[in-house]
Amino acid sequence: MAPGGHTGSGLELENIIAQRRLELAGKPGIAGLVSNGKTFSIAVFASLGGLVYGYNQGMFGQILSMSNFAKASGVTGIDNPTLSGFLTSILELGAWVGVLANGILADTLGRKLCVVVACVLFCIGVIVQACTHGGSYDYILGGRFVTGIGVGSLSMIVPLYNAELAPPEIRGSLVALQQLAITFGIMISYWITYGTNFIGGTGDGQSKAAWLVPITIQLVPALVLGAGIMFMPQSPRWLMNQGREEECREIIANLRRLPTDAPLVEMEFLEVKAQRLFEQRISQRDFPQFQDGSLSSGFQLGLRGYASLLTNRGNFKRTAVAVLVMTFQQWTGVNFILYYAPFIFQRLGLSGKTISLLASGVVGIVMFLATIPAVLYVDQWGRKPTLIVGAIVMGICHFVVAGIIGTCEDNWPAHRAAGWAAVVFIWIFAIGFGFSWGPCAWIVVAEVFPLGLRAKGVSIGASSNWLNNFAVAMSTPDFVTAASYGVYIFLGMMCVIGALYIHFLTPETKGRTLDEMDELFGDKSGRSQADAAVLEQAMREVGLLDIAGIEKGSPKHEVEESEYAHAEKPSAQHTA
């Protein structure tokens with residue numbers, strides 16, 4: 001659209017502004033990461049939160065199989081299924097609390113202080129677990145619950161911080177970096193515990209250090225993150241919400257390595273300002289009775305916002321998709337595999353805990369590697385095909401493993417080849433999850449909601465993820481004890497049902513506009529169209545349409561940015 005021409009909906013304007021910004025800022029992807037090296041480095045550092053989360057997720061199932069830990073905690077691995085399930089799943093319960101609390105703390109304290117609080121809680125929980133002795137599992141229960149609160153908070157606040165700090169053209173890459181950090185943490189947890197398992201031997205003489213080292217080593221990245229985050233810039237979005245507009249502008253300029261009056265800085269600053277104004281207008285439109293700024297009104301606004309996800313028919317369908325996609329993600333059995341892999345491999349006839357831990361380590365490697373192509377190509381593949389193929393692959397793996405166990409479990413020594421075949425299918429399962437339901441479930445949840453309800457909708461999806469994670473970790477040990485191969489049949493059926501749900505009841509969200517989303521979900525209220533109109537007006541009022549050259553045009557800005565680009569950021573232009 002030429003400068004000065006009339007524009008379409010708010011979302012169409014966002015697309016046009018995005019193109020204007022890219023003309024000034026350079027290309028996205030690898031070139032964008034290189035040209036925005038400072039922001040990329042900050043995001044890599046902040047992603048220590050994802051590393052901590054992933055490491056903790058993969059580590060506990062490994063130490064649970066260590067003989068010395070069983071003595072110290074009073075639990076003999078999965079032989080006490082209900083207790084072992086609760087020891088594992090109580091972290092997810094704490095994480096659910098952390099996610100819910102994070103919605104308040106992130107806005108009250110700011111993103112940086114919220115990270116510090118999460119790291120402090122995480123470290124307290126780790127220290128309590130490290131004190132485990134005398135056959136008492138109370139240390140594990142209490143410590144993992146507190147650790148879970150920190151993990152849940154980090155799982156939300158770090159991606160939020162990265163997304164709000166990142167220039168728009170590389171935001172998706174930095175969020176994907178968080179997912180890679182999680183899978184990397186899972187991967188290294190297996191190999192660290194595999195190595196420490198040898199300290200003092202793997203039998204009755206095993207040293208306490210075998211499990212104490214992998215537990216306490218978590219303190220290092222958590223302390224580094226908690227201390228280092230205070231030297232990082234504050235979120236521009238949070239500063240805008242606090243009315244600190246000039247600080248917001250200065251941080252954007254500093255991250256871009258440009259003067260504060262550079263057109264690119266001004267454009268990004270006005271985008272943040274327009275989004276804030278948009279959210280205020282949506283709140284005033286939907287809930288005019290709660291605009292006095294009081295604590296009571298703020299609480300009511302939060303409650304009414306969540307209630308609107310259920311009371312509107314179209315929004316309820318969106319909420320159902322978010323909740324059920326996360327439900328199926330957890331009931332594919334991924335965390336059953338991650339938490340209990342050593343016991344699974346022992347039951348498949350692998351002799352010795354060392355071999356089972358070694359086999360578990362491959363799970364982390366293949367899942368990490370499988371996540372990479374998903375990050376690169378999911379926008380080309382589409383959400384639905386990726387999820388359906390992943391569910392089918394995982395379902396087949398579950399059914400094959402169930403068949404092998406049902407046939408061979410009475411005499412594993414005579415069926416070692418079949419046992420290793422089952423191990424391979426568990427590795428294939430990890431690949432199937434890594435390229436599909438791992439990243440894609442979160443993408444779908446983020447895309448289905450209208451602009452004004454997106455934050456609340458994603459929080460509902462995240463809470464569903466953690467609650468179902470808790471349910472899986474709590475129930476599967478008993479299930480395995482009652483029916484060793486039946487659990488795989490059940491999880492395989494859940495994968496099949498998940499594939500059918502995606503095929504028949506979940507729309508393809510790739511490249512869809514908000515207007516198209518209304519049509520997909522049968523929303524006749526015009527909610528998204530109205531939101532888009534409010535967004536357009538907000539962009540016009542703050543001057544974003546003007547500086548982007550959409551309504552009035554401003555060739556002066558283009559000349560100035562070109563001068564700034566060559567004078568201040570030669571590397572950015574050349575690498576782009």
Checklist entry - How close do V158 and A46 get, heavy atom to heavy atom, and via which atoms? => result CG1-O, 3.1 Å
Checklist entry - Sequence neighbours excluded, which residues qualify as ring-ring contact (aromatic ring centres under 6.0 Å, His included) partners of Y485? => result none
Checklist outcome for this item: Heavy atoms of V334 and Q329 approach each other most closely as CG1-O, 3.9 Å
Next on the checklist: Rounded to the nearest 0.5 Å, what separates atom OG1 in T132 from atom NZ in K208?
Outcome noted: 8.0 Å
Next on the checklist: Once ring-ring contact (aromatic ring centres under 6.0 Å, His included) is applied, do any residues pair with Y55, and if so which ones, sequence neighbours excluded?
Outcome noted: none
Checklist outcome for this item: CG of L141 to CG of L91, rounded to nearest 0.5 Å, is 11.5 Å
Item to check | Atom pair CD1 (I431) and CD1 (I426), whose distance is rounded to the nearest 0.5 Å | outcome: 12.5 Å
Item to check | Working for side-chain contact (heavy atoms from CB on, under 4.5 Å), residues I42 and Y161 | outcome: CA-CA 10 Å; I42 294 170; Y161 177 75; 4.0 Å; yes
Checklist entry - Does atom CZ of F425 have more than 12 heavy-atom neighbours from other groups under 6.0 Å away? => result no
Next on the checklist: When you compare the side chain of I140 with that of F69, does any pair of heavy atoms fall below 4.5 Å?
Outcome noted: yes
Item to check | Where M66 and Q206 come nearest, the two heavy atoms and their spacing | outcome: CB-OE1, 3.5 Å
Checklist entry - Taking atom CG of N56 and atom CD1 of I186, what is their separation to the nearest 0.5 Å? => result 10.5 Å
Checklist entry - What residues form a side-chain contact (heavy atoms from CB on, under 4.5 Å) with A209, not counting sequence neighbours? => result I199, S207, V213
Next on the checklist: Looking at every heavy atom in both C440 and L387, which two are closest together, and how far apart are they?
Outcome noted: CB-CD2, 3.5 Å
Checklist entry - Between W191 and Y194, what is the ring plane arrangement, given parallel below 30°, perpendicular above 60°, and tilted in between? => result perpendicular
Next on the checklist: Tell me the closest heavy-atom pair linking W466 and G152, and the distance in Å.
Outcome noted: CZ2-CA, 4.3 Å
Checklist entry - Okay, side chain of S153, backbone of I149: is any donor-acceptor separation there less than 3.5 Å? => result no
Checklist entry - In Å and rounded to the nearest 0.5 Å, what is the CD1 to CG distance from I460 to L310? => result 7.0 Å
Checklist entry - Quick one: does L51's side chain get under 4.5 Å of F184's, heavy atoms only? => result yes
Would you tabulate the side-chain donor-acceptor contacts of residues 491-503 under 3.5 Å, counting partners in other chains and residues two or more places apart, or write 'none'?
none

Solution key, residues 389-408 side-chain donor-acceptor pairs under 3.5 Å, sequence neighbours excluded:
{"residue": "H398", "atom": "NE2", "partner": "T332", "partner atom": "O", "Å": "2.7"}
{"residue": "T407", "atom": "OG1", "partner": "G403", "partner atom": "O", "Å": "2.8"}

Item to check | For W437, ring-ring contact (aromatic ring centres under 6.0 Å, His included) partners two or more places apart | outcome: none
Exercise answer: donor-acceptor pairs, residues 467-475 side-chain atoms, under 3.5 Å, sequence neighbours excluded:
{"residue": "N468", "atom": "OD1", "partner": "W331", "partner atom": "NE1", "Å": "3.1"}
{"residue": "N468", "atom": "ND2", "partner": "T327", "partner atom": "OG1", "Å": "3.2"}
{"residue": "N468", "atom": "ND2", "partner": "S464", "partner atom": "O", "Å": "2.8"}
{"residue": "N468", "atom": "ND2", "partner": "S464", "partner atom": "OG", "Å": "3.2"}
{"residue": "N469", "atom": "OD1", "partner": "N335", "partner atom": "ND2", "Å": "3.3"}
{"residue": "N469", "atom": "OD1", "partner": "Y339", "partner atom": "OH", "Å": "3.3"}
{"residue": "S475", "atom": "OG", "partner": "A471", "partner atom": "O", "Å": "2.8"}

Item to check | Geometric class of the Y139/H133 ring pair [parallel <30°, tilted 30-60°, perpendicular >60°] | outcome: tilted
Next on the checklist: Quick check: closest heavy atoms across V445 and G461, and the distance to 0.1 Å?
Outcome noted: CG1-CA, 4.3 Å
Checklist outcome for this item: Sorted by chain and number, sequence neighbours left out, side-chain contact (heavy atoms from CB on, under 4.5 Å) with F45 holds for L48, V224, L225, M232
Donor-acceptor list for residues 118-126 side chains, cut-off 3.5 Å, not counting sequence neighbours:
none

Next on the checklist: Could you measure the distance from the CD atom of Q129 to the CZ atom of F145? Nearest 0.5 Å is fine.
Outcome noted: 13.0 Å
Checklist outcome for this item: Sorted by chain and number, sequence neighbours left out, ring-ring contact (aromatic ring centres under 6.0 Å, His included) with Y488 holds for F336
Next on the checklist: Applying salt bridge (charged side-chain N to carboxylate O under 4.0 Å, His left out), can you list everything that pairs with R111, at least two apart in sequence or on another chain?
Outcome noted: D107, E164
Item to check | Results of side-chain hydrogen bond (donor to acceptor under 3.5 Å, both in side chains) for S436 - residues two or more places apart only | outcome: none
Item to check | Test log, rule side-chain contact (heavy atoms from CB on, under 4.5 Å), inputs V363 and W427 | outcome: CA-CA 6 Å; V363 172; W427 292 339; 3.8 Å; yes
